[in-house]
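Below is one structure, written out as structure tokens, with a few remarks after it.
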Amino acid sequence: MQNSEYNFSKIEPKWQKYWADNHTFKAIDFDSRPKFYILDMFPYPSGAGLHIGHPEGYTASDAYKRFKQSQGYNVLHPMGWDAFGLPTEQYAIKTGKHPEETTRTNVENFKEQLKQIGLCYDWEREINTTDPNYFKWTQWIFIQLFKKGLAYVEEKPVWFCPELGTVLANEEVLQTSEGARSERGNFPVERRPIRQWVLSITKFADKLLKGLDDLDWPDSTKRLQANWIGRSEGAQVSFAIEDNANDRIEVFTTRPDTLFGATYVVLAPEHPLVTKITSDAQREEVDTYIAKAKTKSDLERAELNKEKSGVPLGAYAINPVNQKRIPIWIADYVLVSYGTGAIMAVPAHDERDFEFANTYGIEVIQVIDDGDSAEKNEKGTLTKAYTQSGVLINSEKYNGMDSVSAQKAIIQFLETENAGSIEVNYKLRDWLFSRQRYWGEPFPVIWLSFEDYQQVNDAFKPQNTAIHSQINGEKRYAVVLPDRSLPLKLPSIESYKPSPDGQSPLSKAEDWLNVHFHKETGEVFAESNENTVSGTRETNTMPQWAGSCWYYLRYMDPKNLEQLIDPEIESYWKTPDLYIGGAEHAVLHLLYARFWHQVLHEIGVVSEPEPFKKLFHQGIILGEDGEKMSKSRGNVVNPEVIIDAYGADTLRLYLMFLGPLEAMKPWNTKGIEGVARFLRKLWRLVILDNDNTLNPVIDTTNSKSIDDESERLLHQSIEKVTHDYENLGFNTAISQLMILINQLSKLEAIPQSVIETYLQLIAPLAPHIAEELWSLLGNKSSISAQPWPKADKEKLEASAVKIIFQVNGKHRGDALLPKDHTKEDAFNKAKESERVQSQLSGKTLVKEIYVPNKIVNFVVK
RNA sequence: GCCUAGGUGGUGGAAUUGGUAGACACCCGGGACUUAAAAUCCCGUGCCAGCAAUGGCGUGCGGGUUCGAGUCCCGCCCUAGGCACCA
């Protein structure tokens with residue numbers, strides 16, 4: 001396979017060493033050049049090594065980095081490791097090998113592979129989320145959230161996976177045909193109530209939604225986040241309960257204008273009022289229904305959404321606008337976790353309510369005029385809910401009003417009656433922030449008895465509400481460690497296996513677990529004294545998201561032991577100017593990171609409110625069969641194998657040539673041949689044989705001129721390639737470079753300056769061969785140090801232009817005309833053409849159209 | 001069901017604001033060089049008819065706007081991704 005002329009396996013390591021030794025791509029704090037911070041999503045260093053998706057995004061950012069640096073920017077392009085996580089822990093459970101050790105090996109392997117691709121990171125800024133000097137600050141951020149009242153503890157029914165022995169977030173659970181399964185490993189999962197830390201991301205829902213407006217992100221990603229946050233405006237309406245003066249039912253609705261059409265009220269089965277207001281006659285039936293609902297999760301309930309079911313409570317609510325008595329039901333189509341966990345049902349104007357009312361024979365009252373556009377039977381009653389807005393009917397004094405003004409008027413009325421108000425609701429739920437695992441950041445939290453808690457300095461407590469929970473059957477209160485006790489490291493333990501009851505493996509590390517907390521300083525001692533109180537540590541660890549939520553900040557100041565980041569350094573680099581990574585993180589990572597960044601902004605750690613101004617998603621590379629790459633399919637492409645056979649430059653170029661960066665595209669091993677050929681062609685154009693002697697076609701004195709056409713193409717290429725690089729359009733940049741080399745290889749003499757410009761243009765994508773040829777041409781410094789070529793505008797334009805002749809819009813020939821030709825010249829020239837003449841003969845010329853410098857079109861009949 | 005992105009040769013994909021559809025490659029066919037192979041170079045390559053010049057058709061399907069539509073509008077079909085009883 002290997003070609004003796006273009007010896008990439010010798011060239012590539014040489015230049016990789018050169019870049020490292022000379023710090024060619026070092027980012028310099030406070031440098032006077034304009035800064036540019038380009039960020040890659042850092043990888044999880046798995047045991048399997050790089051897959052082909054990594055070099056795709058990373059080549060794009062590396063090329064962009066080299067391009068920007070040549071343009072005169074001070075570029076920061078760092079790399080690190082998102083190294084906490086389940087697979088490493090699973091491996092530890094299986095082998096007994098400490099996760100730290102596995103991580104170290106895997107990181108070394110990943111780093112080596114990245115270097116082989118010619119990716120030049122500023123390794124002095126390398127970070128690792130499992131490094132105590134890194135997670136010290138992850139813990140520090142948690143403490144700030146804790147103190148601000150943005151963290152709380154709750155017993156939550158959560159997904160538990162017996163096989164993995166851990167709790168999973170909703171996002172880590174997949175609904176499959178075999179029921180709920182874990183995303184990792186595809187094991188069955190079940191619901192279990194477990195004590196959890198939760199972060200109040202919902203308090204930032206509005207800010208997270210509004211912040212999207214100013215971001216230069218793909219629209220689809222913004223919409224995804226907006227959808228996820230799911231803001232909806234409406235009203236909270238309060239229904240009195242018949243024969244019950246103490247309680248009221250609060251419902252949320254986006255359609256207060258349909259209030260006169262409410263013919264029943266539904267509570268979620270878990271709603272606290274249910275047991276209180278159920279009539280004796282209905283109690284047995286209701287209890288059975290609740291018991292059944294309990295075994296299903298929200299997701300499972302949603303799964304079975306074909307048929308609605310419910311049970312009447314035998315109690316009645318009073319509609320606040322017309323005092324109408326309507327029945328109260330429970331039904332599992334109402335979710336306790338959204339809104340107030342109760343709804344007013346308006347079957348005429350809501351599909352779900354309509355279906356339910358139909359099943360149980362509940363009255364349907366139409367209150368919005370459909371203008372005869374709704375589906376009705378011959379009696380004129382609705383056969384389907386009419387969900388549009390419109391003019392009100394059957395609504396007493398509101399009749400004739402449109403939905404918008406009726407909503408306002410009805411809410412106003414409810415306010416005067418103390419029976420409702422404007423309300424906003426979000427789909428977004430608070431963030432379940434703990435895992436019962438070993439390999440994660442330990443929480444810097446100590447649990448104390450109430451008595452002891454009262455004696456402790458307030459500096460270690462939340463600003464407002466104390467956090468308490470049942471720990472080993474006793475009520476305990478949470479305090480955090482002082483900053484100087486950080487990082488709180490993981491203890492050594494014998495087994496990484498969680499206990500069968502779902503507790504973290506840390507709960508077995510007794511020495512670490514039981515501590516004595518200094519009431520004033522917060523220091524922790526192994527032995528008690530008169531100033532300490534005894535407590536136990538939190539045994540949960542943080543989820544993998546924690547470390548990846550703020551890593552981009554640490555790259556700016558990775559070795560700072562005193563602060564998360566020096567404010568002056570932060571004000572120089574600010575935030576990444578470009579963030580490249582997969583769309584699979586569109587919601588979770590990118591939302592969590594924005595949340596933390598906004599909190600850090602509020603407490604003055606960072607100067608900008610949003611972390612990622614510009615975002616780009618690289619697409620997925622599929623296997624040759626057009627299917628997702630997977631071991632089981634056997635269609636996985638290993639980057640190392642490709643590098644061995646073709647070299648890193650060919651791999652880089654091919655990955656970028658495959659198609660648009662953002663597209664999902666299949667790998668094609670044969671296609672790589674074309675790119676390999678292209679690089680060999682470039683090599684031969686400059687170098688004649690194995691002795692590295694220059695091809696005599698290279699005019700080293702730059703004395704021979706090239707023809708106008710070639711020169712124009714050169715300048716067009718400079719312009720196009722520059723423009724394409726700027727927009728990450730690497731595939732079209734490469735095809736332009738191919739066109740240019742096809743032209744140059746036809747010339748009898750190529751001025752050295754021309755081939756040098758060519759090498760500069762290709763250097764971001766194929767840096768090794770570019771550096772090698774650049775140096776063989778006699779240059780001493782790195783090609784990346786050269787200022788980026790500029791196109792000469794005057795040389796872009798040709799003296800003659802090609803005019804297309806059309807008859808009735810169909811192409812019928814063309815001709816070259818001088819640039820300064822007139823409209824009449826063009827018409828005359830067109831009429832001279834035989835092909836045009838034959839199309840015109842026997843027909844009447846109706847119209848003559850001329851598009852300057854482009855087209856002549858004759859319309860005939 | 002809802003939201004989003006797409007649908008262009010045998011294949012991956014090009015195509016500023018509507019202006020030569022198929023750039024650049026891959027595959028395939030033919031030829032040159034070679035004892036042979038690899039490498040390299042040249043020619044052909046959307047489909048149909050034709051020796052050719054040329055003509056007809058052609059960007060998922062059906063309509064429309066326009067001198068002119070891959071591009072704009074209306075209605076469908078299909079694929080991928082996301083959300084999914086959110087009141």
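Per chain, numbering begins at 1; letters A, B, ... match sequence-line order.
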### Message
Do A/Asp724 and A/Thr722 pair up side chain to side chain, a donor and an acceptor below 3.5 Å, judged on atom types alone?
### Response
no
### Query
For B/G9, is chi within 90° of 0 (syn) or not (anti)?
syn
### Task
Rounded to whole angstrom, note down the P distance from B/G7 over to B/A14.
10 Å
### Query
What is the base-pairing partner of B/A80, counting Watson-Crick and G-U wobble geometry with both distances under 3.5 Å?
B/U4
### Message
If I pick the C1' atom on B/G70 and the same atom on B/U20, what distance separates them, to the nearest angstrom?
### Response
14 Å
### Message
Among B/U4, B/U20, B/A25, which nucleotide has an atom closest to any side-chain atom of A/Ser220?
### Response
B/U4
### Query
With a 4.0 Å cut-off on heavy atoms, is A/Met664 in touch with a base, just the backbone sugar-phosphate, or nothing at all?
sugar-phosphate
### Task
Quick one: label A/Asn425 by what it contacts on the DNA or RNA (base, sugar-phosphate, nothing), any heavy atom closer than 4.0 Å.
nothing
#### Entry: Quiz item: A/Lys427 side-chain donor-acceptor pair to B/C83 base, under 3.5 Å
no
#### Entry: Presence of A/Lys847 side-chain N/O under 4.0 Å of B/C67 phosphate oxygens OP1/OP2
yes
### Task
Mind checking A/Asp219 for me? I need base, sugar-phosphate or nothing, with any heavy atom below 4.0 Å counting as a touch.
nothing
### Task
Grab the CZ-C1' distance between A/Arg835 and B/G55 for me, whole Å please.
10 Å
### Query
For the residue pair A/Phe730 and A/Phe657, is the inter-centroid distance of their aromatic rings smaller than 6.0 Å?
no
### Query
B/G55 pairs with which nucleotide, Watson-Crick or G-U wobble, both distances below 3.5 Å?
B/C48
### Message
Is it the case that the base of B/G19 and the side chain of A/Gln806 share a donor-acceptor contact (distance under 3.5 Å, atom types as modelled)?
### Response
yes
### Check: A/Lys810 side chain, B/U54 base, donor-acceptor under 3.5 Å
no
### Message
So, OP1 or OP2 of B/C83: does either fall under 4.0 Å of a side-chain N or O from A/Arg223?
### Response
no
### Task
Pick base, sugar-phosphate or nothing for A/Lys854, based on heavy-atom distances below 4.0 Å to the nucleic acid.
base
#### Entry: Donor on one side chain, acceptor on other, A/Tyr333 and A/Asp353, under 3.5 Å
yes
### Query
Just checking A/Gln839: base, sugar-phosphate only, or nothing, at a heavy-atom cut-off of under 4.0 Å?
sugar-phosphate
### Query
OP1 or OP2 of B/A39 sitting under 4.0 Å from any side-chain N/O of A/Arg677?
no
### Message
Is there a side-chain contact (heavy atoms from CB on, under 4.5 Å) between A/Glu662 and A/Leu728? Walk through the geometry before answering.
### Response
CA-CA 9 Å; A/Glu662 68 275 18; A/Leu728 304 166; over 6 Å; no
### Query
A/Tyr758 and A/Ser717: side-chain donor and acceptor closer than 3.5 Å?
no
### Query
What distance, rounded to whole Å, do you find between the two P atoms, one in B/G6 and one in B/G10?
23 Å
### Message
Applying a 4.0 Å non-hydrogen cut-off, can you work out what A/Phe657 is touching in the nucleic acid: base, sugar-phosphate, or nothing?
### Response
base
### Task
Would you classify A/Asp814 as touching base, sugar-phosphate or nothing, given that sugar-phosphate means primed atoms plus P, OP1 and OP2, and contacts are heavy atoms under 4.0 Å?
nothing
### Task
Write down the distance separating the C1' atoms in B/G18 and B/U40, rounded off to the nearest Å.
43 Å
### Query
When all nucleic acid strands are considered with a 4.0 Å heavy-atom cut-off, which category describes A/Ile849: base, sugar-phosphate, or nothing?
base
### Task
Classify the nucleic acid contact of A/Ile855 as base, sugar-phosphate or nothing, counting any heavy atom under 4.0 Å across all strands shown.
base
### Query
In terms of the angle between their ring planes, are A/Phe858 and A/Phe827 parallel, tilted or perpendicular, with boundaries placed at 30° and 60°?
tilted
### Query
When all nucleic acid strands are considered with a 4.0 Å heavy-atom cut-off, which category describes A/Pro660: base, sugar-phosphate, or nothing?
sugar-phosphate
### Message
Any strand counts, and the cut-off is 3.5 Å on both contacts for Watson-Crick or G-U wobble. Which nucleotide pairs with B/U65?
### Response
none
#### Entry: Nearest-angstrom distance, P atom, B/C24 to B/G44
12 Å
### Task
Starting from C1' on B/C24, measure out to CG on A/Leu713 and report it in whole angstrom.
13 Å
### Query
So, A/Lys831 and A/Glu848, do they make that salt bridge, N to O below 4.0 Å?
yes
### Task
Classify the nucleic acid contact of A/Ser838 as base, sugar-phosphate or nothing, counting any heavy atom under 4.0 Å across all strands shown.
nothing
### Query
Between A/Thr387 and A/Glu351, do the side chains contain an N or O donor and an N or O acceptor separated by less than 3.5 Å?
no
### Query
Who does B/A38 pair with, Watson-Crick or G-U, both distances under 3.5 Å?
none
### Task
Counting Watson-Crick and G-U wobble pairs only, both distances under 3.5 Å, name the nucleotide matched with B/U71, or none.
none
### Task
Among the candidates B/G13, B/U40, B/C24, find the nucleotide nearest to the side-chain atoms of A/Asn731.
B/G13
### Task
Please state the C1' separation for the pair B/G62 and B/C77 - nearest whole angstrom.
10 Å
### Interatomic distance at P, B/C73 relative to B/C51, whole Å
45 Å
#### Entry: Pair partner, B/A15 [Watson-Crick or wobble, under 3.5 Å]
none
### Task
Quote, to the nearest angstrom, the P distance that separates B/G9 from B/G46.
13 Å
### Task
Describe the nucleic acid contact of A/Ile804 in one word from base, sugar-phosphate, nothing, applying a heavy-atom distance below 4.0 Å.
base
### Query
Looking across every strand, which nucleic acid part, if any, lies under 4.0 Å from A/Arg812 by heavy atom: base, sugar-phosphate, or nothing?
sugar-phosphate
